[in-house]
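Side chains included, hydrogens not; waters and symmetry mates left out as well; all remaining heavy atoms used.
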Amino acid sequence: MAKQEEEVYFVFMNFDPVYERLRADRSKEGSATLDAYLSHKHDKLLAKLLQPDSYRKRSSLAIVDGFAVEITEAQASVLRSAKEVRVVEKNQELA
């Protein structure tokens, strides 16, 4: 059986009051706390929904509470069905 092709997808999360509170703190320390919170939150979601070593998270995006991840279309569908997730979109290369 051939392995499905992995592509980069952007995953955007639903409203999170903790994220909103942390994002309001514009200090250097507040920014570090927000980054750590989001990275942990996004890692936890991926670990809960996808098999270990079947994806590669590229980055967490603090400005929009989202992340970039290399996954298959089937895995994107799994993420789309999660209650914590608002939108999952495949990265579109601009020519």
Side-chain angles (χ1 to χ4, degrees):
M1 185 160 119
K3 185 178 183 216
Q4 291 185 349
E5 184 178 335
E6 291 183 352
E7 297 187 71
V8 176
Y9 286 80
F10 291 100
V11 179
F12 301 101
M13 308 298 287
N14 279 324
F15 176 78
D16 175 359
V18 175
Y19 162 75
E20 294 297 333
R21 181 179 53 78
L22 291 173
R23 193 175 72 144
D25 182 351
R26 302 274 186 209
S27 70
K28 189 173 187 177
E29 184 178 284
S31 178
T33 301
L34 175 62
D35 289 345
Y37 170 77
L38 288 179
S39 184
H40 176 73
K41 173 182 156 179
H42 300 156
D43 289 345
K44 196 167 140 183
L45 176 74
L46 288 165
K48 178 176 89 168
L49 297 174
L50 304 178
Q51 293 295 318
D53 301 320
S54 69
Y55 60 88
R56 187 169 78 94
K57 185 178 93 172
R58 287 191 162 185
S59 63
S60 287
L61 310 168
I63 197 164
V64 292
D65 188 6
F67 57 95
V69 63
E70 291 179 26
I71 53 176
T72 65
E73 177 58 40
Q75 290 172 309
S77 293
V78 170
L79 289 174
R80 283 184 186 102
S81 68
K83 68 179 178 6
E84 303 93 336
V85 173
R86 181 170 35 101
V87 176
V88 178
E89 289 291 331
K90 186 167 32 172
N91 184 35
Q92 300 294 318
E93 296 290 329
L94 299 176

Q: Using the salt bridge (Lys or Arg N to Asp or Glu O under 4.0 Å) criterion, which residues pair with Lys44? Sequence neighbours excluded.
A: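 Once residues adjacent in sequence are excluded, Lys44 has no partner under the salt bridge (Lys or Arg N to Asp or Glu O under 4.0 Å) criterion.
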
Q: Taking the side chain as every heavy atom from C-beta outward, state whether Leu45 and Phe67 have any pair of such atoms under 4.5 Å apart.
A: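 Leu45 vs Phe67: side chains touch.
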
Q: Take Asn91 and Tyr9 through the side chain to side chain contact (heavy atoms under 4.5 Å, CB included) test and state the conclusion after the steps.
A: CA-CA 5 Å; Asn91 184 35; Tyr9 286 80; over 6 Å; no

Q: For residues Ile63 and Val87: do they belong to one hydrophobic cluster (side chain heavy atoms under 4.5 Å, members Ile, Leu, Val, Met, Phe, Trp, Tyr)?
A: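 Linked within one cluster.
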
Q: Are Ile71 and Leu50 close enough that some pair of their side-chain heavy atoms sits under 4.5 Å apart?
A: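 Yes - at least one pair of side-chain heavy atoms lies under 4.5 Å apart.
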
Q: I'd like to check the side-chain contact (heavy atoms from CB on, under 4.5 Å) partners of Arg21; sequence neighbours left out, ordered by chain and number.
A: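 Testing Arg21 for side-chain contact (heavy atoms from CB on, under 4.5 Å), a comparison that skips the adjacent residues, returns Val18.
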
Q: Determine yes or no for a side-chain-to-main-chain donor-acceptor pair under 3.5 angstrom, with Asn14 supplying the side chain and Lys83 the backbone.
A: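 Yes, the answer is positive, given that a donor and an acceptor are paired below the 3.5 Å cut-off.
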
Q: What distance separates Lys28 NZ from Thr33 OG1, expressed to the nearest 0.5 Å?
A: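 Those atoms lie 12.5 Å apart.
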
Q: Just so I know, are the side chains of Val85 and Phe12 near enough to count as touching, which here means a heavy-atom distance under 4.5 Å?
A: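 Answer no - side chains too far apart.
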
Q: Locate the shortest heavy-atom distance separating Arg86 from Met13; write the atom from each residue and the value.
A: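 In terms of heavy atoms, the two residues are closest at NE-O, 3.5 Å.
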
Q: Does Arg80 come within less than 4.0 Å of Glu73, counting only side-chain N to carboxylate O?
A: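 Salt bridge between Arg80 and Glu73, a charged N being under 4.0 Å from a carboxylate O: yes.
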
Q: Who are the salt bridge (Lys or Arg N to Asp or Glu O under 4.0 Å) partners of Glu20, not counting sequence neighbours?
A: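 Glu20 satisfies salt bridge (Lys or Arg N to Asp or Glu O under 4.0 Å) with Arg23 only.
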
Q: For Ala74, which residues count as a side-chain contact (heavy atoms from CB on, under 4.5 Å) partner, sequence neighbours excluded?
A: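 Applying side-chain contact (heavy atoms from CB on, under 4.5 Å) to Ala74 gives Gln4, Thr72.
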
Q: Please list all pairs passing the side chain to side chain donor-acceptor pair (under 3.5 Å) test where one or both residues lie in residues 55-65, with sequence neighbours left out.
A: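 Non-adjacent pairs meeting side chain to side chain donor-acceptor pair (under 3.5 Å): Ser39-Lys57, Lys41-Asp65, His42-Ser60, His42-Asp65, Asp43-Lys57, Arg56-Glu70, Lys57-Ser60, Arg58-Glu70.
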
Q: In chain order, what residues pass the side-chain hydrogen bond (donor to acceptor under 3.5 Å, both in side chains) check against Ser54, with sequence neighbours excluded?
A: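 Expected list: Gln75.
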
Q: Closest approach of Asp25 and Gly30, non-hydrogen atoms and distance?
A: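 That closest heavy-atom pairing would be OD2-CA, 3.4 Å.
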
Q: Residues two or more places apart in sequence or in another chain: which of them pass side-chain hydrogen bond (donor to acceptor under 3.5 Å, both in side chains) with Lys48?
A: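 By the side-chain hydrogen bond (donor to acceptor under 3.5 Å, both in side chains) rule, Lys48 matches Glu84.
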
Q: Ignoring hydrogens, what is the shortest heavy-atom contact between Val78 and Leu49? Give both atom names and the distance.
A: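 Val78 and Leu49 have their closest heavy atoms at CG1-O, 3.8 Å.
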
Q: In chain order, what residues pass the side-chain hydrogen bond (donor to acceptor under 3.5 Å, both in side chains) check against Tyr19, with sequence neighbours excluded?
A: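 With sequence neighbours excluded, Tyr19 shows a side-chain hydrogen bond (donor to acceptor under 3.5 Å, both in side chains) to no residue whatsoever.
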
Q: For Ser81, enumerate each residue passing the side-chain hydrogen bond (donor to acceptor under 3.5 Å, both in side chains) test, keeping only those at least two apart in sequence or located in another chain.
A: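 None.
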
Q: Under 4.5 Å side-chain heavy-atom separation, chaining through any Ile, Leu, Val, Met, Phe, Trp or Tyr, what else clusters with Val8? Say none if it is isolated.
A: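 Members alongside Val8: none; it stands by itself.
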
Q: With clusters built from Ile, Leu, Val, Met, Phe, Trp and Tyr whose side-chain heavy atoms come within less than 4.5 Å, directly or transitively, what are the remaining members of the cluster of Phe15, listed by chain and number?
A: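 Besides Phe15, the hydrophobic cluster comprises nothing; the residue is isolated.
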
Q: Provide the closest heavy-atom pair for Leu61 versus Leu38 in the form atom of the first, atom of the second, distance.
A: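 Smallest heavy-atom distance, with atoms named: O-CD1, 4.2 Å.
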
